[in-house]
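What follows is a set of notes on a single structure, which appears directly below.
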Amino acid sequence: LLKVTQMMEWASKRSVIRMNGDKFRRFVKAPPRNYSVLIMFTALQPQRQCGVCRQADEEFQVLANSWRYSSAFTNKVFFASVDFDEGSDVFQMLNMNSAPTFLHFPSKGKPRKSDTYELQVRGFAAEQLARWVADRTDVQIRIIRPPNYAGPLLLGFLLAAIGGLAYLRRHNLEFLFNKSVWAFSALCFVLIMTSGQMWNHIRGPPYAHKNPSTGQVSYIHGSSQAQFVAETHIVLLFNAAVTMGMVLLCEAATSDMDIGKRKIMCVAGIGLVMLFFSWLLSIFRAKYHGYPYR
Amino acid sequence: MKQPGWQSLLSFSILFLACLAGFSSRLFAVIRFESIIHEFDPWFNYRSTHHLTTNGFYEFLNWFDERAWYPLGRIVGGTVYPGLMVTAGLIHYVLNLLHITVHIRDVCVFLAPVFSGLTAISTFLLTRELWNQGAGLLAACFIAIVPGYISRSVAGSFDNEGIAIFALQFTYYLWVKSVKTGSVFWTIGCCLSYFYMVSAWGGYVFIINLIPLHVFVLLLMQRYSRRVYIAYSTFYIVGLVLSMQIPFVGFQPIRTSEHMAAAGVFALLQAYAFLQYLKDRLTRQEFQTLFFLGVSLAAGMVFLTVIYLTYTGLYVRLLTCYAKIHIPIIASVSEHQPTTWVSFFFDLHILVCTFPAGLWFCIKNINDERVFVALYAISAVYFAGVMVRLMLTLTPVVCMLSAVAFSSVFEHYMGDDTKREKPPEKAEEGLGPNIKSIVTMLMLMLLMMFAVHCTWVTSNAYSSPSVVLASYNHDGTRNILDDFREAYYWLRQNTDEHARVMSWWDYGYQIAGMANRTTLVDNNTWNNSHIALVGKAMSSNESAAYQIMRSLDVDYVLIIFGGVIGYSGDDINKFLWMVRIAEGEHPKDIRESDYFTPQGEFRVDKAGSPTLLNCLMYKMSYYRFGEMQVRRGALTPPGFDRTRNAEIGNKDIKFKHLEEAFTSEHWLVRIYKVKKLDNREPLDHKLRSVVPKQKYTSKKVPLMLGGEFALQVWRDSFRFS
């Protein structure tokens, strides 16, 4: 009974109670206990170099905060964490050698196999953790993430910038009518989309891949189902070069500069088109094994 | 001296050749296999068209299909876009009227290639309006062979997109014409074409948003004119009324957010025109222009907020970069994934590099129509980047703009300078014939490479019927795997006409089309809970699954198993999706983690999780497989699954409530019959044996004669019950 009050007091200060070996033995292991505890065993010290622990810790914090501020908050469920450097004896006692790990200690009985959260299968997203918690303790936690103000803030800033620009230039709105500006921005947008940036945005691939055994960096993904960010930039560049080549060709034929410059433009145009298109083809062939044409 | 006769003959023959090229390059599948409907969705369209031709148009519009989604049924008339079926039915009717007896299946198979020729013609018309005749011809040739369009319009792919792209291009052509001329005649033509598009494909939403956007941008660019006003007002009203005639669309155009932009722009245009009318009567100058701009921007904000407020629909989800986690069914369809650059290049080859140049030329030489095509390009390229399936809407505009680019280059580099109408004054002004011919030749080489690439892609990637599989041996001979049709025909000929078949939803349309049996779930996927029930049945153990199957009245279960030949699209590979969908509706009974090993792997061998090894799908797939020696090498053990490359864990499978009805030649399709309930449940315990006890004579009560025996019997019967 005293334990519950103590746990509540700690929980009211921080949603995730930090525990060391002593506290763990007293409040989690020792009976009697009429509350269940969900513990994250982690290693957050920088020298441990556990990036996953940090990300999982954030998600666990979101979960614990959502629980603390939810309407269904009782003193039956508590969230705690044990850091390896603070409670290594606990790790040894429970025979654990990997972090992060999530365990559920029910109020009655020993923890069973399903009281260990399968991190590899489910990932550490707070929603998944909440489902596991609901599964083990019949307590439903609705995940509330702190609202992300970055998006609307950026939009507001952009609108303010546009408004300010329009106001400053209100007497001279010529730049709006400059076709080259519009054409250039349209072209940029199109080139960005056709090089696969939306795929990057949704799937979040790495920039490039470093082969761990040979140390060689490859910028192009081997299969046709995925791509690297570096690869999309290369493709963007090549597409832009071919487009510029075509535009140069036409400019060379129609503009009224002197003949030498126009010839150079023409040659440069056709050279750009052929060179970059053939490079594009070779990248394509590298990904699509079995493509027979050069 | 140009002779107009030569020019039109040349145009006609080029267009004819383009149509022919488009038609023939789509025939790979028909030549290699036979004239058959491909894939899954076209089977439903074929079945509906068949129903239309046998029963008539009104029966089709009012058709309630009780053989799909048993026991719920499906209101086909109200949930389908009838344009495709009506087109095929009409062609069939006309041909039969002329006593050219063609079977409806052949009409359906060859409809898409024929319409691709018509698409080429309408693209030619549209590009000719935008640029010039030369560009038009190039565009027609491009769109005839470009793989992005062929992928959905190959012979046998009897699907909405085959005719929808034609309707799209034709509507756009008529719209551009009506904006150019401002005549009501062309606008009404545009509305009729729009009506055809609405009846053909759900993508009509693209038109009804692009045209208002075009009008809006024209207003912003101060390009308002009487023509725009007449064209859009007529188009909006008549088009709205016509589009609501389709039962599936119904009242959506005045309710959903996807159509609100059109209404908003209509209101805005009326306001703008009214102010313009006033302006002619009054004499305020600069103040009025600023007033117009302010009003347009305000209206723009209003309709943007309207879109945000009515935050529904797949199309708005596209605008917010595709939320996929919430509905697993949408996530599991591979066509709804975002696009890599490889897909762009694969489908469009050189066109994807050169169409930005065409866009540049269009914007530099802007006029009303070119605003339209620029907007079309920008919006299409965004949507194609978000979803692979929408690459199809990008393809026409890419063809048009690349044609513009190539045509500009050819115009300046081909032909002699001296024969032009305006020869340059000085001989040195021109670039010289050498450079010009080199450039021309290199461009032609690029186009030739494009044509070769298109044919290779069509032949290899987009010409498989997927109902019939083919594999090639080392010496090049072909091995045809016709298991699907074998199994469906077995079902058709050996089961009762009212039998109900349970399978995963992928095969629903094919079962309904080829086997003509009632199915539980099919590719329409409109009822997630029903699909979740089927998924739950597949993932539970046999007794729990049997209860579900009895409640759904299932007679047969059909699964696809690829372990014998190494086919990777079978049901075990899709199994996790069944579990996920079932878990979404029944989280207490099905847990995805139960089917994985403790280490988090999905394994079918001995180390697999026991829930997986005892679930219905596993048992049905691997029944009798344990004795099967797969022909691969002497050292492979019996029961070696070639798709998962593992020896299966549970070889001794016995069924209590199912029995095997049919397995196809290569074990691809397996059909099981659901047994009826037994008359009597066998007892689990042994019968108790009655051991006669010692005779007990009660000294106290004198029993009657036989009474002792009666007492004994009575006592025994008491114990027995």
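Predicted, not measured: the structure shown is a model, and the values here were computed from it. Proteins come first, then strands; the chains are lettered A, B, ... in the order of their sequence lines, and each starts at number 1.
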| query | Given the rule in the side chain to side chain contact (heavy atoms under 4.5 Å, CB included) test, do A/T232 and B/T340 qualify, once you have shown the distances and angles that lead to the verdict? | reply | CA-CA 9 Å; A/T232 58; B/T340 58; over 6 Å; no
| message | For A/M198 and B/M387: C-alpha separation, side-chain torsions, deciding distance, then whether side chain to side chain contact (heavy atoms under 4.5 Å, CB included) applies. | response | CA-CA 9 Å; A/M198 286 310 287; B/M387 218 195 241; over 6 Å; no
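- Within the 4.5 Å cutoff, no side-chain heavy atoms of B/W360 are placed close to those of A/T243.
- Separating the NZ atom in A/K179 from the SG atom in B/C362 is a distance of 12.0 Å, to the nearest 0.5 Å.
- Only the side chain of B/F361 comes within contact range of chain A, with at least one heavy atom under 4.5 Å from a heavy atom of that chain.
- For chain B, the option among A/L236, A/V242, A/V247 with the highest count of heavy-atom pairs below 4.5 Å is A/V247.
- To the nearest 0.5 Å, atoms CE (A/M246) and CE (B/M443) are separated by 4.5 Å.
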| Test log, rule ring-ring contact (aromatic ring centres under 6.0 Å, His included), inputs B/H349 and A/F284 | CA-CA 10 Å; B/H349 202 246; A/F284 182 69; 7.8 Å; no
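- Atom CZ of A/F277 and atom CG of B/L442 lie 12.5 Å apart (nearest 0.5 Å).
- In this structure, the side chains of B/F345 and A/L281 come closer than 4.5 Å at one or more pairs of heavy atoms.
- Rounded to the nearest 0.5 Å, atoms NZ (A/K287) and CH2 (B/W341) are 6.0 Å apart.
- Comparing B/M445, B/R591, B/K588 by heavy-atom pairs within less than 4.5 Å of chain A, the highest count is held by B/R591.
- A heavy-atom distance below 4.5 Å is not found between the side chains of B/I438 and A/I270.
- To the nearest 0.5 Å, atoms OG (A/S185) and CD1 (B/I363) are separated by 7.5 Å.
- When heavy atoms are compared at a cutoff of 4.5 Å, B/L348 does not approach chain A at all.
- In terms of non-hydrogen atom pairs under 4.5 Å with chain B, the most contact-rich of A/D258, A/N239, A/V235 is A/V235.
- Across all their heavy atoms, B/P356 and A/L187 have their closest contact at O-CD1, 2.9 Å.
- For A/R131 and B/E583, the salt-bridge test passes: some basic side-chain N is under 4.0 Å from an acidic carboxylate O.
- Note that the OG atom of B/S593 and the CH2 atom of A/W132 stand 11.5 Å from one another [nearest 0.5 Å].
- For chain A, the option among B/N460, B/N365, B/V409 with the highest count of heavy-atom pairs below 4.5 Å is B/V409.
- With hydrogens and angles disregarded, a donor-acceptor distance shorter than 3.5 Å links the side chain of B/Y413 to the backbone of A/L249.
- The choice from A/G245, A/G196, A/G269, A/C250 that makes the most heavy-atom pairs within less than 4.5 Å of chain B is A/C250.
- For B/T339, the part lying near chain A is the backbone, with the side chain staying farther off; criterion is any non-hydrogen pair under 4.5 Å.
- Using a 4.5 Å heavy-atom threshold, the side chains of B/F355 and A/T194 count as touching.
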